[in-house]
Amino acid sequence: MEANCLRLRFNLPATSAASAAARNYRVDRLPIKLRHLPSPFLRLSSSSSSSLIWIPKSTSSDADGVVTAPGSDLAPVPACARTFTAWDMASLWVGLVVGVPSYYLAGSLVDLGMAWWQGVATVALANLILLFPLVLTAIPGTRHGIPFPVLARSAFGVRGAHVPTLLRALVGCGWYGIETWIGGQAIFLLLPTALKTSPAASSLIPWLGTSPLEFSCFILFWIAQLGFVLRGMEGIRELEKYSAPILICLSLALLCWAYTKAGGFGRMLSAPSRLSGAQFWALFFPSLTANISFWATVALNIPDFTRFARSQKDQILGQAGLPLFMGAFTFLGLAVTSATESIFGRVISDPIHLLGQIGGLPTTVVAILGISLAIVTTNIAANVVAPANALVNLSPSAFTFRRGALLTAFLGIAFQPWRLLSSSESFVYTWLLGYSALMGPIGGIVIADYYLVKGMELDVSALYSEDPRSRYYYQGGCNAAAMAALVAGILPILPGFLHKVGILANTSGAFVAAYNNAWFVSFFVSAIFYLILSSPGRRSKNA
């Protein structure tokens with residue numbers, strides 16, 4: 001790798017100011033860190049995999065119509081700066097999986113009537129299915145060193161890519177609000193009993209849908225978390241590194257407690273399914289889709305991370321553990337949730353409420369610290385990077401990563417996450433299924449474009465060009481085929497969604513079935529529609 005770094009050359013006009021800056025930049029320490037560079041940044045040349053082009057950090061075109069990536073965070077990562085190993089990728093997924101939403105999703109399946117083994121099988125199968133689009137989307141990120149907003153330009157156009165990236169950002173904002181609400185509930189748990197039973201905690205604000213005290217705890221955690229969020233990924237790198245093993249230890253401690261209180265695994269997992277055969281299958285397919293939707297967001301912007309991977313082998317091996325990680329953590333969540341029926345006489349699927357039932361100040365404090373750690377690290381990696389990059393991509397003059405992260409945090413409040421988490425049904429059937437109708441079409445189009453339309457060949461320099469002659473400029477910067485395919489994937493899901501939220505009183509069974517399988521339907525409809533619209537003549541022009 002070091003030799004490859006030393007062979008990199010700068011393709012610059014001899015008289016440019018950038019050339020002088022390049023000559024003065026010493027490549028004496030490897031790997032090269034992009035953040036060490038001044039305002040200009042490096043971009044891979046399309047003419048050679050070992051060649052770099054120095055591009056000023058501005059939005060003006062040069063003589064060739066080449067514009068910069070909107071902000072240095074979107075610049076292609078040179079081979080010598082790709083340092084993520086398989087272990088790094090696996091650690092990222094451990095840190096993402098071990099968290100309250102994953103536990104809550106597992107507990108929701110028991111709450112809806114599944115036996116523990118049915119829940120584990122559903123989650124493992126969903127993540128095994130998701131692994132394929134996850135790896136397929138990750139490959140171009142590793143191969144070309146580009147993030148998701150840039151990859152999306154290949155299918156949607158250099159300007160049309162704003163649509164999928166902003167849709168992904170919108171869902172990230174919703175998840176940010178959910179994670180922050182969970183953190184606020186953790187603070188609420190630490191409050192004295194007298195305060196938690198006061199009118200401020202028990203009375204709801206009608207227009208808000210929650211109590212003043214719970215909302216105050218939410219805002220308090222929102223403010224406390226903001227300090228970490230504004231520092232970005234670099235500011236919590238060490239915190240991210242150590243969070244995964246700490247959270248695993250705390251999770252295992254919770255499992256041991258449930259084992260002891262329930263009198264062993266036999267009694268813990270003895271709760272049978274409360275569903276008949278027909279009821280199970282009616283629940284299975286929406287639950288499968290919901291579990292796929294759970295990580296469908298990261299499956300879209302996974303190039304934001306895999307562009308730092310050393311090789312395709314590293315990123316594939318690192319991500320192959322996702323079904324195992326989710327299956328293991330789901331078993332833990334389902335086992336503990338099933339045990340609560342034996343211990344407390346009722347199912348408690350929310351880990352925050354469970355911690356409140358366990359009691360004991362030392363136990364509660366340790367648990368709250370673990371939950372806070374999980375929330376901060378997950379929110380940075382999964383729910384801030386994509387929205388912030390999307391906003392920088394939208395307007396580099398108006399947004400920096402920090403401003404994008406701040407707007408993400410404010411939009412997280414607007415989503416009113418307490419309503420999304422009000423019940424297992426609203427979390428699974430409204431939130432997870434609802435946004436899968438947005439993530440599925442985007443994933444189908446991006447994968448179909450890269451593998452079937454473009455033949456895994458991209459002109460990286462053209463992805464950063466607004467020259468109307470560029471192959472990714474299409475018509476006015478947008479690819480009409482991709483836009484039409486996106487709409488085609490969403491439309492079959494829309495009636496079922498409107499019926500679910502109460503806007504439509506009745507709809508046909510076909511639309512209900514489409515909504516219950518929203519990710520599958522939208523993914524394949526958009527992919528097929530995009531392939532049909534991308535005729536051979538159009539392929540030869542835009543490939």
To the nearest 0.5 Å, how far apart are [atom1] in [X] and [atom2] in [Y]?
X: L463; Y: R471; atom1: CG; atom2: CZ; value: 9.5 Å
X: C173; Y: I413; atom1: SG; atom2: CD1; value: 11.0 Å
X: I292; Y: T289; atom1: CD1; atom2: OG1; value: 6.0 Å
X: R310; Y: F84; atom1: CZ; atom2: CZ; value: 12.0 Å
X: D304; Y: F148; atom1: CG; atom2: CZ; value: 8.0 Å
X: T165; Y: L151; atom1: OG1; atom2: CG; value: 11.5 Å

So Y473 and R159, side-chain contact (heavy atoms from CB on, under 4.5 Å) or not? Walk me through it. CA-CA 8 Å; Y473 195 80; R159 295 180 178 176; 3.6 Å; yes
Minimum heavy-atom separation for [X] to [Y], with atom names?
X: I375; Y: Q225; value: CG2-OE1, 3.5 Å
X: S522; Y: S436; value: OG-O, 3.6 Å
X: A388; Y: A405; value: CB-N, 4.0 Å
X: G489; Y: S526; value: CA-OG, 3.2 Å
X: A482; Y: F156; value: CB-CD2, 3.7 Å
X: P492; Y: A514; value: O-CB, 3.7 Å

Would you find a donor on one side and an acceptor on the other, under 3.5 Å apart, between the side chain of [X] and the backbone of [Y]?
X: N291; Y: S287; result: yes
X: R168; Y: T297; result: yes
X: T408; Y: V384; result: no
X: N393; Y: A390; result: no
X: Y435; Y: S293; result: yes
X: R403; Y: L391; result: no

With a 4.5 Å heavy-atom cut-off, do [X] and [Y] have their side chains touching?
X: W431; Y: V171; value: yes
X: R307; Y: I146; value: no
X: Y530; Y: L533; value: no
X: I490; Y: L486; value: yes
X: L433; Y: P286; value: yes
X: P149; Y: L74; value: yes
X: F511; Y: F497; value: no
X: W295; Y: L96; value: yes

Set of ring-ring contact (aromatic ring centres under 6.0 Å, His included) partners for [X], sequence neighbours left out:
X: Y451; value: none
X: W181; value: F218, W418
X: F284; value: F280, W281
X: Y103; value: none

Side chains of residues 315-326: which donor-acceptor partners sit under 3.5 Å, not counting sequence neighbours?
from: Q315; atom 1: OE1; to: Q319; atom 2: NE2; distance (Å): 2.7
from: Q315; atom 1: NE2; to: Q312; atom 2: OE1; distance (Å): 3.0
from: Q319; atom 1: OE1; to: W93; atom 2: NE1; distance (Å): 3.3

Think R153 forms a cation-pi with Y464, using NZ or CZ under 6.0 Å from the six-ring centre and within 45 degrees of its axis?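 Pair R153/Y464 counts as cation-pi.
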Walk me through it: do V158 and Y474 pass the test side-chain contact (heavy atoms from CB on, under 4.5 Å)? CA-CA 8 Å; V158 293; Y474 298 104; over 6 Å; no
How far apart are the C-alpha atoms of V150 and Y472, what are their side-chain angles, what is the distance that settles it, and do they pass the side-chain contact (heavy atoms from CB on, under 4.5 Å) test? CA-CA 11 Å; V150 176; Y472 306 120; over 6 Å; no
Pairs in or reaching into residues 507-519: which pass side-chain hydrogen bond (donor to acceptor under 3.5 Å, both in side chains), with residues at least two apart or in two chains?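 Sorted result for residues 507-519: empty, none.
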Give the intermediate values and the outcome of side chain to side chain donor-acceptor pair (under 3.5 Å) for residues D467 and S470. CA-CA 5 Å; D467 187 337; S470 169; over 6 Å; no
Sequence neighbours excluded, which residues qualify as salt bridge (charged side-chain N to carboxylate O under 4.0 Å, His left out) partners of D449?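 Here the qualifying residues are K454.
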S461 and D459: CA distance, side-chain angles, deciding distance, side chain to side chain donor-acceptor pair (under 3.5 Å) verdict: CA-CA 6 Å; S461 61; D459 183 347; 2.7 Å; yes
Could you go through residues 120-142 and list every donor-acceptor pair under 3.5 Å that involves a side-chain atom there, pairing it with any protein atom two or more places apart or in another chain?
from: T122; atom 1: OG1; to: Q118; atom 2: O; distance (Å): 2.7
from: N127; atom 1: ND2; to: V123; atom 2: O; distance (Å): 2.8
from: T137; atom 1: OG1; to: P133; atom 2: O; distance (Å): 2.7
from: T142; atom 1: OG1; to: A138; atom 2: O; distance (Å): 3.4
from: T142; atom 1: OG1; to: T306; atom 2: O; distance (Å): 3.0

Could you pull out all residues at least two apart from S311 that satisfy side-chain contact (heavy atoms from CB on, under 4.5 Å)?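 In terms of side-chain contact (heavy atoms from CB on, under 4.5 Å), with neighbours along the sequence ignored, S311 is linked to K313, D314.
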Those residues that, when tested against V487, pass side-chain contact (heavy atoms from CB on, under 4.5 Å) (two or more places apart):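 V487: side-chain contact (heavy atoms from CB on, under 4.5 Å) contacts with L491.
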Side-chain donor/acceptor pairs under 3.5 Å, residues 438-448, sequence neighbours excluded:
none

Just checking W222 against Y176, ring centres under 6.0 Å apart?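 So the answer is no for these two rings.
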Go through the steps for Y450 and E457 under the test side-chain contact (heavy atoms from CB on, under 4.5 Å), then give the verdict. CA-CA 7 Å; Y450 182 71; E457 294 296 332; over 6 Å; no
Would you check if there is a donor-acceptor pair between the side chains of D88 and S91 at a distance under 3.5 Å?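 Short answer, no.
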Going by salt bridge (charged side-chain N to carboxylate O under 4.0 Å, His left out), name the pairs with one or both residues in residues 475-503, residues two or more places apart or in two chains.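 Sorted result for residues 475-503: E425-K500.
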